[in-house]
Protein chains: 2
Amino acid sequence: MGNVTIRDVARRADVAISTVSRYLNGGALKADTRAAIEEAIAALGFRRNEVASSMRRGQTRMIGILLCDTIEFFQYTLYQTLEAELWKLGYQCILTTYGNLNVSDKIRTLRQRNVDGLILYYYLPDPAVHDAITEALEDGVPVILLDSDAPDLVTDKVLVDNLNASFRAVEIMIQKGHRDIAVVTGTEKHPVSSERLSGYLECMKAYGLPIQEGYVLYGHFSIADSYNAVSRLMKLPRPPTALFTGSYHMTFGAIMAIREAGFRIPDDISIIGFDNVEVSEAVLHDLTIVEQPVDRIGATAADLMHRRILGENGEKARTIRVPARLVMRNTVARPPKHRENGLF
Amino acid sequence: MGNVTIRDVARRADVAISTVSRYLNGGALKADTRAAIEEAIAALGFRRNEVASSMRRGQTRMIGILLCDTIEFFQYTLYQTLEAELWKLGYQCILTTYGNLNVSDKIRTLRQRNVDGLILYYYLPDPAVHDAITEALEDGVPVILLDSDAPDLVTDKVLVDNLNASFRAVEIMIQKGHRDIAVVTGTEKHPVSSERLSGYLECMKAYGLPIQEGYVLYGHFSIADSYNAVSRLMKLPRPPTALFTGSYHMTFGAIMAIREAGFRIPDDISIIGFDNVEVSEAVLHDLTIVEQPVDRIGATAADLMHRRILGENGEKARTIRVPARLVMRNTVARPPKHRENGLF
DNA sequence: CTGAAAGCGCTTACAG
DNA sequence: CTGAAAGCGCTTACAG
């Protein structure tokens, strides 16, 4: 077994190979022809050679995926939903991540495999990568950008409405009476971080609150960077009474640092994290969070890709912003009396 | 561009297509022939169609990879090193994870893509999966099992020497004078967990120490499960003076729970984690750990796969145990006097 | 060192 | 509803 071909099946079923092919592709067949083919397939253990099929059809039903190599587990979760959704639609995924190697080369290598589409988590504004993406687009290969609104790339995009989500999170803290609100988020270069930061800044501005010195913290999306940054934060002469954290791992790091510094949540400091519900539920069962809709991002991107491949989406590029949801729980309380903002 | 073929290159360079093919495959060429082909390739923007090449050669240079869908980020890190190493060797990876869908079907679908090999993180003893793996092996498709020593599957295996590593970690605690040592590790079904647990049990036995009731804790390899388990542990009438944790995430959960319960590390309780150095370095810079050699697992598996494909490994299946390394830092101290084991 | 020819395993018009 | 034939873009013996 193993290299049984359509020819063997045809011979055994006593039909032409084109008939077997028709069977495989769901064409109309007389009942007994169908039965004979099915018998032959079962008896021989035939499985279609997808490589040959891909070559002939000019479609591989493979999607190339490029993700970051950060520790942030968001990437892995995202891949899983993406892959699961695409699998249901009949696609398999080739996954690569940023690495020592040149990202634009990775994209080109993926293209040499004749992937039917490319889903990229792309945020570093690298001109070489930009070119590789443009080439793909010019050659008619659909590209979906995740978590990036790169305005100079005219292609489909799926992103989380980070700005609004952050705005609303900060707003809730303000409405509880907080004024000294800090934020810790990813590196400035990352559009996700900067959108989350913008939400914070815009909200503070909207309510006329000042940004205290040392209250805006950056780092990688990691437990470590957040832990270190928040440790410093809590040592400030005037530590914040509320903190907004930019990711799952960052939330853990922040909580560790806060507790270690001897502050209680939410009595001394309120906290709102940014992440995925199911995950934080168990440990941080009382954490108020902005829910990162990973499943919806994955499902949306998969669906968009499928339609694009079928040519159902019309010509123009679409940008889909998946909304984030606030999950109110118990880590936001009023600040100590003397530190209220006096607005409410 | 985009569908420039070898034929176009041949025409422009005024040579036969077989000559272009020879160029692409590194054959010997006269200098001017070579130059003409290179000129044509550059001018036309030709890139070899890997699908056609795969079909003709009967080799796809693609490796199918199956991993868990657990939260544990070990999987993602592992994939990254695996993929990076394989990429260097000229392979791309199709990644799928356990999911709602049938794992044996996933393996078969991967095989229909004519992957050159399969690298599987397989631990659930599912007979259907077992069959799918056996089929692959029978058809001559190399399979590497990760972190599993499934004795009834005669194939290459790469695993961490969990048992020894755990034994040594626990031994260090015992030599520091500990007697009341607890362990928190993954679900019993997982061979990795059970090996780590065995190391603990064997070491305790070797030194004649009793296992206190409630000191052996299970959970998923997650921050959450570990946090919950260790929270209970620290509420026992006689909490342990030392704890061995079974994974990266579990270590975080344990530390959170310990600190929250008001215990100091290492004054009140010593701790040794099981994980990857680079990652924990920043936050838990003083944590004594058993280093999980993710990079070596990935590199070893990639190398083994490559040789297997080239047919260099001879006939018989190899099992490679990658040793873990103890990284001594500062989270192991002597227990309080009255709780010493009196052995040292 | 180079070319002409066959063929990898399918699918797709085109006849019948 | 079914079959014979051409061809997808390469690689690989085989000649020369």
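Residue numbering restarts at 1 for every chain, and letters A, B, ... go by the order of the sequence lines. It should be emphasised that the depicted structure is a prediction, and the values quoted were computed from it without experimental measurement. All heavy atoms count here, side chains included; hydrogens, waters and symmetry mates do not.
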Report summary line: Residues of residues 10-20 of chain B with a heavy atom under 4.0 Å from any atom of DNA chain C, listed by number, are B/Val15, B/Ala16, B/Ser18, B/Thr19
Query raised in the report: Got more than 12 heavy atoms from elsewhere within 6.0 Å of CZ, A/Arg57?
Result: yes
Requested in this report: State the CD1-NZ distance between B/Ile320 and B/Lys157, to the nearest 0.5 angstrom.
Outcome: 12.5 Å
Report summary line: Judged by nearest nucleotide, the residue sitting upstream toward the 5' end of DNA chain C, B/Ala28 or A/Phe46, is B/Ala28
Query raised in the report: Angle class for the A/Tyr76/B/Tyr76 ring planes (parallel below 30°, perpendicular above 60°, tilted otherwise)?
Result: tilted
Query raised in the report: Taking atom types as modelled and ignoring hydrogens, do the side chains of B/Arg108 and B/Asn102 form a donor-acceptor contact shorter than 3.5 angstrom?
Result: no
Report task. For A/Asn25 and A/Ser21, indicate whether the former's side chain and the latter's backbone hold a donor-acceptor pair under 3.5 Å. Result -> yes
Query raised in the report: Could you state the interatomic distance from OH (B/Tyr122) to NE2 (B/His130), rounded to the nearest 0.5 Å?
Result: 6.0 Å
Query raised in the report: Of all the base pairs, Watson-Crick or G-U under 3.5 Å, which form stems of three or more consecutive pairs involving DNA chain C?
Result: C:1-3 with D:14-16, C:5-12 with D:5-12, C:14-16 with D:1-3
Requested in this report: Please check if the side chain of A/Thr97 supplies one atom and the backbone of B/Gln80 the other of a donor-acceptor pair under 3.5 Å.
Outcome: no
Report task. Kindly state each residue pair satisfying side chain to side chain donor-acceptor pair (under 3.5 Å) with at least one member in residues 27-37 of chain A, sequence neighbours excluded. Result -> none
Requested in this report: Without swapping roles, check the side chain of A/Glu85 against the backbone of A/Gly298 for a donor-acceptor pair under 3.5 Å.
Outcome: no
Requested in this report: Mind checking the CD1-CG spacing from B/Ile63 to B/Leu86? Nearest 0.5 Å is all I need.
Outcome: 5.5 Å
Requested in this report: Would you jot down, in residue-number order, the residues of residues 29-36 of chain B having a non-hydrogen atom under 4.0 Å from DNA chain D?
Outcome: none
Report task. Assign A/Arg22 to base, sugar-phosphate, or nothing according to its heavy-atom contacts below 4.0 angstrom with the strands shown. Result -> base
Query raised in the report: Which part of the nucleic acid, if any, lies within reach of B/Tyr23 when heavy atoms closer than 4.0 Å are counted: base, sugar-phosphate only, or nothing?
Result: nothing
Query raised in the report: What is the nucleic acid contact for A/Ser21, judged by heavy atoms within less than 4.0 Å: base, sugar-phosphate only, or nothing?
Result: base
Query raised in the report: Does any pair with a residue in residues 16-54 of chain B pass ring pair (Phe, Tyr, Trp, His ring centres under 6.0 Å), and if so which ones, sequence neighbours excluded?
Result: none
Report task. Look at the side chain of A/Ser54 and the backbone N and O of A/Glu50, then say whether any donor-acceptor pair between them is shorter than 3.5 Å. Result -> yes
Report task. Please indicate whether B/Arg321 has more than 12 foreign heavy atoms, meaning atoms of other residues, nucleotides or ligands, lying under 6.0 Å from its CZ. Result -> yes
**Report entry** First-last contacting nucleotides on DNA chain C - partner chain B, under 4.0 angstrom, heavy atom
**Finding:** C/dC1 to C/dG9
